[in-house]
Amino acid sequence: MNTVTGDLSRAVGAAFEKCGFDPSIGTVTVSDRPELCQFQSNGAFRAAKEKRMAPLAAASMVAEVLNGEDFIAHAEAVKPGFINITLTDGFLCERCRQISQDPYLGVPQLGEGRTLVVDYGGPNVAKPLHVGHLRAAIIGEAVKRIASACGMKAIGDTHMGDWGLQMGLVIAQLNEEHPDWRCFSPDFDPEKESAEPIDVNSLNELYPKASQRSKTDEAFSRKAHEVTALLQSGHPGYTAVWKEIMRVSVEDLKRSYDRLNVHFELWYGESDSEKYVPRLMDILRDSGQLVYSDGAQVVHVQEERDSAPIPPVIIKKSDNSNIYATTDLATILQRRLDFSPDAIWYVVDKRQSLHFTQVFRCARKTGVLPASTELLHLGFGTMNGRDGKPYKTREGGVMQLSVLLDTVTGAAMEKLRESEFVSGSSLEDYAERVGVAALKFGDLINHRTKDYIFDIDKFLSFEGKTGVYLLYTVTRMNSILKKAGTPYSGELWPETVTTDTERELILSIIQAGEAFQHAFEDKAPNHVCECAYRIASAFSRFYHENHILTQPDPDIRRSWLALCHLSRRVLVMLLDVLAIETVENM
Ligand code: ARG
């Protein structure tokens, strides 16, 4: 179904037309001043300009027509030319019925079945995930779910960094430590043998060691580069260890992502694009854009309107090796061939924006991707500590994701211990859910492009715009419905409105469509967060002011319970779109 402002814009547009104005100027938005009215239209300003009259006069004419409509309780022209609109309670209830019976629960289907690939997560294999990867996973998952809630066919790909120098470093280090391993022997036979098993803890120690060493030990660094090149050209022994490293790493990555309720449709990596490189090179060559520069093969992407220089994209270095841009371009080709996507969105740290500008321009001007496919880099800011600098461990290093998750879960556990409802075996599971919800909401409530401060006490507060407050609100809804014997599923909607707090709650529910529209257009989950908070806080006021279970009038009681029911359905759906799991009680 359409958004409520979409439907109202059409109706108000018709009123403008009746008054002799262009119907397209009747756009309606949610009121800036909810204490005065529910919706507003500012179209009279344009109408007045076109007809050379006072805006207030134009607004008055339209308001008069609107007051004759049966869905409008009150339309008023106010200085200097706004039209304030309040809808009838009958309209609000009818809207609730439509939402309740809509298969998408009122989420506008703006995606129209288009195919989307979301590239997010981007963990590097053999290196543990760190907090920088946290935002990519959290925001990416939410962006993907928003797109699919809005009707796109969304495919998430983690695009692991599994093909670069870090693999060469780790393998070179392993070779040093285990010169006797069969996979390092020249007569290793991949048909008959496999690599020695590696465990995840030792793997996690290898990369920092190797990377540190390569900075001072030149021979080792050369060796690592050599291993990387050999691996990329299919060396049997190195390929076998690489596969073992991948097996162990992916298992570990899946564990962390599962804890975060982040699930990828595709577990491809940079290595998977390797087989597309020859075809990519053909396309680039045929386009006539591939040129030699200092022995390397590059594509120039500078444009006249650029205010700063944009360096050329290096496709092959002088030693013929591929780099980050090469794998990204080959991956674009792979995605085109596999899915013919209408759009590819990259949820990656905004500090990589130059890289994406280069890659996108190159893909466009060489025809790797048709112009009709949208390419977007959805950059995000940094999670900072209280000192305003990127979040670190107490010792000053980058904090690993699993350590951060343990910290948050531990703090949630402390909080929940005070609760009378949770105990024993469910405590751990609850602490994990509450902790993760707190962390995710604390992140997603900020517009993705902004930096924010990691403040665990604030995130875990029962009050304010927090994940905990939202989960707690759902548990209150659960408890009322349970006591009344109302099942959670099914279609129920309020049929009457008797108090202001109810009306406010209904408005917050019917405006969820607008939140999705903004989130979808802006590719920003914070709009969904704000909407969820608005519903939760409207529900709290409604709940405090009305004694639902003891209400003597059966019609009012039924309508209030139906409103609880619908509020719960919409709120849980919003949280699910943010990939936040709820709990039964707390
Ligand atoms: N692995 C990269 C990193 O850790 C992120 C990958 C982002 N995605 C992409 N298609 N380049 O920085």
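Reckoned from all heavy atoms, side chains included, excluding hydrogens, waters and symmetry mates.
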Return yes if a side-chain donor-acceptor contact under 3.5 Å exists between N585 and T475, otherwise no. no

Does the ring of Y488 carry R568 above it, NZ/CZ under 6.0 angstrom from centre and within 45° of its axis? yes

Distance-only polar pair, side chains of T5 and E514, donor-acceptor under 3.5 Å: yes

Evaluate the criterion ring pair (Phe, Tyr, Trp, His ring centres under 6.0 Å) for residue pair H355 and Y324; output intermediate values, then yes/no. CA-CA 9 Å; H355 166 74; Y324 193 38; 4.1 Å; yes

Could you tell me whether Y120 and F264 have their ring centroids closer than 6.0 angstrom? yes

Tell me which one of I155, V347, L378, L266 satisfies side-chain contact (heavy atoms from CB on, under 4.5 Å) with V118. V347

I'd like to know if the side chain of S202 pairs up with that of D199 as donor and acceptor (distance under 3.5 Å, no hydrogens or angles considered). yes

Can Q511 and R534 be counted as having a side-chain donor-acceptor contact under 3.5 angstrom? yes

Ring pair (Phe, Tyr, Trp, His ring centres under 6.0 Å) between F441 and F459, intermediate numbers included: CA-CA 8 Å; F441 198 84; F459 292 178; 9.5 Å; no

Do you see a donor-acceptor pair shorter than 3.5 Å between the side chains of H159 and D272? no

Taking the six-membered ring of W267, is NZ or CZ of K254 closer than 6.0 Å to its centre and within 45° of its axis? yes

Shortest non-hydrogen contact from H565 to T486? CD2-CG2, 4.0 Å

Y533 vs Y469 aromatic rings, parallel, tilted or perpendicular, using cut-offs 30° and 60°? tilted

Taking every heavy atom of V436 against every heavy atom of R259, the minimum-distance pair comes out as CG2-O, 3.6 Å

Give the C-alpha distance, both sets of side-chain angles, the deciding distance and a yes or no for side-chain hydrogen bond (donor to acceptor under 3.5 Å, both in side chains) between N384 and Y452. CA-CA 6 Å; N384 290 328; Y452 73 96; over 6 Å; no

Of all heavy-atom pairs linking S540 and T473, the shortest is OG-OG1, 4.5 Å

E196 versus C183, closest heavy-atom pair with distance: OE1-SG, 3.7 Å

Can you give me the closest heavy-atom contact between A512 and V570, atom names plus distance? CB-CG1, 4.3 Å

Test E504 against T501 for side-chain hydrogen bond (donor to acceptor under 3.5 Å, both in side chains), laying out the working first. CA-CA 5 Å; E504 192 203 336; T501 54; over 6 Å; no

Shortest non-hydrogen pair, I506 vs C96, comes out as CG2-SG, 3.5 Å

Will you find, in the side chains of W560 and E502, an N or O donor that is under 3.5 Å from an N or O acceptor? yes

Verify whether one side chain among E374 and W345 offers a donor that lies under 3.5 Å from an acceptor in the other. yes

D252/R255 ion pair, N-O < 4.0 Å: yes

Which residues pass the side chain to side chain donor-acceptor pair (under 3.5 Å) test with S479, sequence neighbours left out? none

Got a salt bridge between D457 and R386, using NZ or NE/NH1/NH2 to carboxylate O under 4.0 Å? yes

What pairs with Y268 under ring pair (Phe, Tyr, Trp, His ring centres under 6.0 Å), at least two apart in sequence or on another chain? none

